[in-house]
Amino acid sequence: MTTKDIGPKNPVEQGVTQVVDFVDERSGVKNSGRWLMFRNIPAGTSWFQTLGFTAMALFGMQAITGIILAMYYKPDPNTAFGSIAHITNEVTWGWMVRGMHKWGASAMIVIVFLHMGRVFIWGAYKYPRELTWVTGAMLLMMTMFMGLTGYLLVWDQKAYWATVVAVNIFASAPILGPYIGDILRAGPEFGPDTLSRFYSIHMLLIPGGIATFIGLHLYFIIRLGISEPPWAKRALRVQRDEEDARRKAARNRDAGLKGSVSFPPAVVTDGQEVSR
Amino acid sequence: MKKADKVAYDKDYAASKKNGKPFFPYAIYKDTIIAGLAILVVIVLAITVRVEMGEPVNPASTDFLPRPDWYFYFAFELLKIFANQNALTPVIMATFMVPNILIILLVIWPFIDRGPERRIWKRPFAMGTAVLVISGLCYLTFLGASTPEGIAKGETLPLTGLDAAASAGEAVYLANGCSSCHMIKGVGAPGPGPELTNEGAKGWDNAKMVQWMKVPVAPMPSFASLPPEDLENLSTFLNGLGTKYK
């Protein structure tokens, strides 16, 4: 670095440096960015811990393909089906974008469930990461709800009647059910406003919620750090205590065989009572 | 978790982080590879398995097949399990109780399982729950994917003794997709609606049946849009099933 500073910089580099410095002076982005990228993570961090990032990447892909689809889609009962046919058959690469959005939804659900399974099996939801799990559970439910609302938008018979049945199920819940049904349908019956309501929920309300909760989820992950695999080399306290207790018990047994009673009886618990 | 356990965990984790590796590039490169692979798989699927156009929506035609996307098959199969709507297996179990219990359990799980233990084989309760839930979801999804979707066009019901009104009712039944949720003498989907082979045994009159068609119990959709004479014929047909028409 030092040798490079000799002599005048080229004007482009100089300009970029000036802009970066201007922004950094006001935001401190250089320091926090450096901290974010180069902060340490446990050495044993595994390939299984890539599923969360993958789910986020798929959400990004859904957002981009969704924005492109929204450029052509018309959320009106008379034209919705036609606009889907237009996207599928006429728009350049339209079939591809629609295909990616459709398959991306399935992929996102698969990855989100795998991610949850990994966290569950590893016990990564335990102290101090309980709230990371809660925000993740919210994200899982919002992802499922994306699937539900997006299914209606293609406006074919199967999707329409499946959604009628699904909304009936929501509406049959005690106390709040009828209100939820009315909110989802934009009235007591499926009507012209139902489709645009589902469209709005699908592309504005839930994506906003998902983005917000991804932010919270990431905040917790960065603040608390990523968990270690349960097979991490450096044993956790419970394990160490267990081993201590085992060693102590073995020692006592040996001592007992020699006829000595100088050792106190071993505390063979899972080690939680042993103070250190 | 006890205070001492928390302190010990924090200490352990801090040590592990201290001896760790920087996020960039050690975590980022793995993340990028797996996310890239996932997106590649999606692109390959989008190219090889094209998304088809279905039949356009026609709310007047109730000739339908209410099938959700595959990731809701488990909920759909749950409806079939509780389809009989008797006191032991009320439909509210599938539409409200079971899903909400699962959702609440999901959200509050970290506050149920709070011990410091993280090793997989030392947590039999959590692992038992995981195996139960995962195999249950997989089984129900598999069931949903492999059950028949109602009846083929032109197929008829193996019934005898139909009079004129009942025949007209049978035609209404077949034309409006009833068999994509109900079964009569082995014909039609085995759910989510209850089997109707012996529907007549309930002893309902037509007025009660017509009222049910207009305002049914969820998840069944309303058939109030059908013409009154169709509803009347359909009711005659259904109220004689298993008694007059076998």
Side-chain angles (χ1 to χ4, degrees), chain A residues 37-43 45 47 50 53-54 57-58 61 81 84-85 88 95-96 98-100 102-104 107 109 111 117 120-123 125-127 130 133-134 137 141 147 151 154-158 160-162 164-166 168-169 171-173 190 225 228 230 234 236-238 272, chain B residues 1-2 5-6 8-9 12-13 15-24 26-27 30-31 34-35 38-39 41-43 45-47 50-51 53-59 64-71 95-96 103 106-107 109-111 114 116-120 123 126 130 134 218-219 221:
Chain A
M37 294 312 279
F38 298 107
R39 83 207 132 93
N40 268 9
I41 53 167
T45 303
W47 284 94
T50 58
F53 182 86
T54 303
L58 285 172
M61 193 192 77
F81 189 81
I84 297 270
T88 312
W95 60 270
M96 172 92 172
R98 187 184 164 210
M100 281 172 73
K102 169 100 185 162
W103 282 107
I109 293 209
I111 295 291
F120 189 94
I121 289 168
W122 285 22
Y125 51 80
K126 296 190 171 196
Y127 173 85
E130 293 93 335
W133 170 275
V134 172
M141 281 185 279
Y151 196 53
V154 292
W155 207 243
D156 61 17
Q157 278 287 71
K158 196 170 166 180
Y160 179 84
W161 288 103
V164 169
V165 169
N168 274 354
I169 290 173
S172 73
F190 261 68
E228 279 179 292
R234 217 180 29 71
L236 290 173
R237 182 176 175 241
V238 256
Q272 290 172 38
Chain B
M1 224 189 263
K2 292 186 196 72
D5 287 323
K6 287 183 183 177
Y9 181 84
D12 276 334
Y13 188 75
S16 156
K17 231 177 147 166
K18 205 175 154 210
N19 303 319
K21 293 190 269 188
F23 175 71
F24 179 90
Y26 291 100
K30 286 179 183 166
D31 284 344
I34 299 296
I39 289 173
V41 167
V42 168
I43 291 174
L45 280 171
I47 293 172
R50 298 289 180 95
V51 181
M53 299 295 298
E55 287 284 307
V57 166
N58 179 3
F64 67 100
L65 201 61
R67 287 294 177 277
D69 225 339
W70 68 267
Y71 40 82
T95 57
F96 186 75
I103 287 171
L106 172 75
V107 173
W109 182 261
F111 308 102
R114 288 173 303 183
E117 184 58 74
R118 286 176 189 241
R119 282 165 298 171
I120 292 164
R123 294 158 53 221
I134 292 171

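Because only heavy atoms are used, hydrogens play no part in the values below, and waters and symmetry mates are left out as well, while side chains stay in. Below, read A as the first sequence line, B as the second, and so on, with proteins coming before strands; counting in each chain starts at 1.
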Among N168(A), N40(A), T54(A), which residue forms the greatest number of heavy-atom pairs with chain B at distances under 4.5 Å? N40(A)

Counting heavy-atom pairs under 4.5 Å with chain B, which one of G117(A), A85(A), A171(A) comes out on top? A85(A)

Going from CH2 on W95(A) to CE on M100(A), what distance comes out if it is rounded to the nearest 0.5 angstrom? 10.5 Å

Does E130(A) CD have over 12 foreign heavy atoms under 6.0 Å away? yes

So for M61(A), is it side chain, backbone, both, or neither that comes closer than 4.5 Å to the heavy atoms of chain B? side chain

Most chain B-contacting option - heavy-atom pairs closer than 4.5 Å, from V134(A), I109(A), T88(A), V154(A): I109(A)

So how far is it from E228(A) CD to W122(A) CH2, rounded to the nearest 0.5 Å? 10.0 Å

Can you tell me how far the CD1 atom of I41(A) sits from the NZ atom of K17(B), to the nearest 0.5 Å? 9.5 Å

Checked V57(B), I39(B), V42(B), V51(B) vs chain A; the most non-hydrogen pairs under 4.5 Å come from V57(B)

Based on non-hydrogen pairs under 4.5 Å, which of F53(A), W103(A), F38(A) is most in contact with chain B? W103(A)

Can you say whether L58(A) sits under 4.5 Å from chain B via the side chain, the backbone, both, or neither, judging by heavy atoms? side chain

Is it the side chain or the backbone of K126(A) that comes within 4.5 Å of chain B heavy atoms, both, or neither? both

Picking from D69(B), V107(B), I43(B), which has the most non-hydrogen pairs under 4.5 angstrom with chain A? D69(B)

Of the listed residues (I34(B), T95(B), D31(B)), which shares the most heavy-atom pairs with chain A below a 4.5 Å separation? D31(B)

Within 6.0 Å of OH in Y26(B), more than 12 heavy atoms from elsewhere: no

Does the side chain of P116(B) reach to within under 4.5 Å of the side chain of Y127(A), using non-hydrogen atoms? no

When the 4.5 angstrom heavy-atom criterion is applied to F96(B) and chain A, the contacting part is side chain

Segment of W155(A) engaging chain B (4.5 angstrom heavy-atom cut-off): both

Examine whether an atom of Y151(A) lies under 4.5 Å from a heavy atom of chain B, and if so say whether it belongs to the side chain, the backbone or both; otherwise answer neither. side chain

Could you check which of A137(A), A166(A), A107(A) has the highest count of heavy-atom pairs closer than 4.5 Å to chain B? A137(A)

Heavy-atom cut-off 4.5 Å, strictly under: side chain, backbone, both or neither for R123(B) against chain A? side chain

Mind checking whether F120(A) and W133(A) have parallel, tilted or perpendicular rings, split at 30° and 60°? tilted

Is the closest side-chain heavy-atom distance between V164(A) and F190(A) below 4.5 Å? yes

Proximal component of I121(A), with respect to chain B [non-hydrogen, under 4.5 Å]: both

With side chains defined as the heavy atoms from C-beta onward, is the minimum distance between F23(B) and T45(A) less than 4.5 Å? no

Count the heavy atoms of every other residue, nucleotide or ligand shown that sit under 6.0 Å from CZ of R114(B), and state whether that count exceeds 12. no

